[in-house]
Protein chains: 2
Amino acid sequence: MNRKLIIPDIVVGRLPRYLQALQRLQKRAVQTTSSKELGDILGISAAQIRKDLSQFGEFGKQGTGYSVPFLIDRLEDILKLKHDWDIALVGVGDLGHAIIRYQGFSNRGFCVSMAFDNDPEKIGTSINGLIVENIQNMPARIQEAQVKIAMLTVPAAFAQQVAEDLVKAGVTAILNYAPLVLSLPKHVQVEYIDPIISLQHMTYYLE
Amino acid sequence: MNRKLIIPDIVVGRLPRYLQALQRLQKRAVQTTSSKELGDILGISAAQIRKDLSQFGEFGKQGTGYSVPFLIDRLEDILKLKHDWDIALVGVGDLGHAIIRYQGFSNRGFCVSMAFDNDPEKIGTSINGLIVENIQNMPARIQEAQVKIAMLTVPAAFAQQVAEDLVKAGVTAILNYAPLVLSLPKHVQVEYIDPIISLQHMTYYLE
DNA sequence: CCCTGTGAACCAATTCACAGCT
DNA sequence: AGCTGTGAATTGGTTCACAGGG
């Protein structure tokens, strides 16, 4: 085993997919799998899956493959998903609303535990039992609860400012739904979700 | 100029970001930009932007940089965004609902023009003027309207089957929000949006 | 002097292919 | 025989650095 000092980010980015596939196998009560099977499920080569996993340890058995529960355990450990992460959501528009109501976070390591908006009509209302709070209280609330992850679903014009406020309050990971690239200190992790970017990528290949 | 026969997908994937940055500059009435300025906005090296753009032609002027309107025009042409693309949305849950109500598609090349669901409670209702149709009519409606792009916001258990139905009806690009990898003919473009995958990527780096 | 476009150099990622264990 | 883990080979992507035009 050759545990590398620093794992390429592109490898880290594939681990959640591996975990997803494994959890689906587990739901079907599959006990053992192989790099070949995982690769077929995910459209990735078996060699790549083996190489990726080997960066973190020797998780498989020659001749047999990988134990599904064991590999899930290892990946949850590597990705720090052994306990749920609290998430602060900022911007309770249609999208923020839909995210709060989404039921799929809890069994995959996350819990949307705070929501903020600046609209007096929304502040104080309850969505799925979560009370929308005044965005003015956001820094204090995030700091006191030590929340490290935020989802940003505010209009583009406010995203950079709100992101900076989040970072000041102690957030170090932001999932940004606003259609712009944020400029933040490099210790802050940022991921982007923009359906139009994804669609425009595909239109290149159409017709 | 060395127009390559085949452009790497990773380059194509960056073009929408360039377009996004340029459109923001245009809103501020900026007439001219440089690879340096674009790179600063997007967190990408200037050399990479120049190399990417040079794959498609010589769009800049030495000493001056790039004309913002001209480069927008070229990118819209390359990405086939000169006319709006109709999109069929399948699965009108909270997320589908939020997508239909989202106002940002029209000025970036897309129009959600059909929505389907299998819930009798939802079929016939109107969201932002769009009538939710019975999913049983989906293949016929998509075929007749020649819709090529679909957004898939159904529960994971149905996603693979619905995706296959979409492809049979003529869809060749799918933006999949269901948390699994689809298995489809390779002429079909698929992009994935799964916030939990994005979050799990970031948690690796936390603490 | 400013900035593009681009070979060349460098660095990164993927695939190959096989030793070695079950 | 089946499958992992891994060096070596290969392929792909990014950065460098500079010629050349404005």
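Just so it is clear: chains get the letters A, B, ... in the order the sequence lines come, proteins before strands, and each one is counted from 1.
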Distance, rounded to the nearest Å, where [X] contributes [atom1] and [N] contributes [atom2]:
{"X": "B:F56", "N": "C:dT4", "atom1": "CZ", "atom2": "C1'", "value": "17 Å"}
{"X": "A:Q48", "N": "D:dG5", "atom1": "CD", "atom2": "C1'", "value": "15 Å"}
{"X": "B:I49", "N": "C:dC3", "atom1": "CD1", "atom2": "P", "value": "14 Å"}
{"X": "A:I10", "N": "C:dC11", "atom1": "CD1", "atom2": "C1'", "value": "14 Å"}
{"X": "A:E58", "N": "D:dG7", "atom1": "CD", "atom2": "P", "value": "11 Å"}
{"X": "A:Y66", "N": "D:dC3", "atom1": "OH", "atom2": "C1'", "value": "9 Å"}
{"X": "A:D9", "N": "C:dA13", "atom1": "CG", "atom2": "C1'", "value": "13 Å"}
{"X": "B:L71", "N": "C:dC3", "atom1": "CG", "atom2": "C1'", "value": "14 Å"}

What pairs of residues pass the side-chain hydrogen bond (donor to acceptor under 3.5 Å, both in side chains) test when at least one of them lies in residues 24-34 of chain B, not counting sequence neighbours?
B:T33-B:E37
Expected rows: protein N/O vs nucleotides 16-19 of chain C N/O, under 3.5 Å:
unit_1: C:dA17; atom_1: N6; unit_2: A:R50; atom_2: NH2; d: 3.4

Go through residues 31-45 of chain B and report each residue with a non-hydrogen atom lying under 4.0 Å from DNA chain C, sorted by number.
B:S34, B:S35
Measure the acute angle between the ring planes of A:H83 and A:W85, then classify it against the limits of 30° and 60° as parallel, tilted or perpendicular.
tilted
In this structure, OG of B:S45 is separated from CG of B:L38 (nearest 0.5 Å) by 11.5 Å
Ionic contact status for A:R141 with A:E133, cut-off 4.0 Å
yes
Heavy-atom side-chain proximity of A:L184 to A:E164 below 4.5 angstrom:
yes
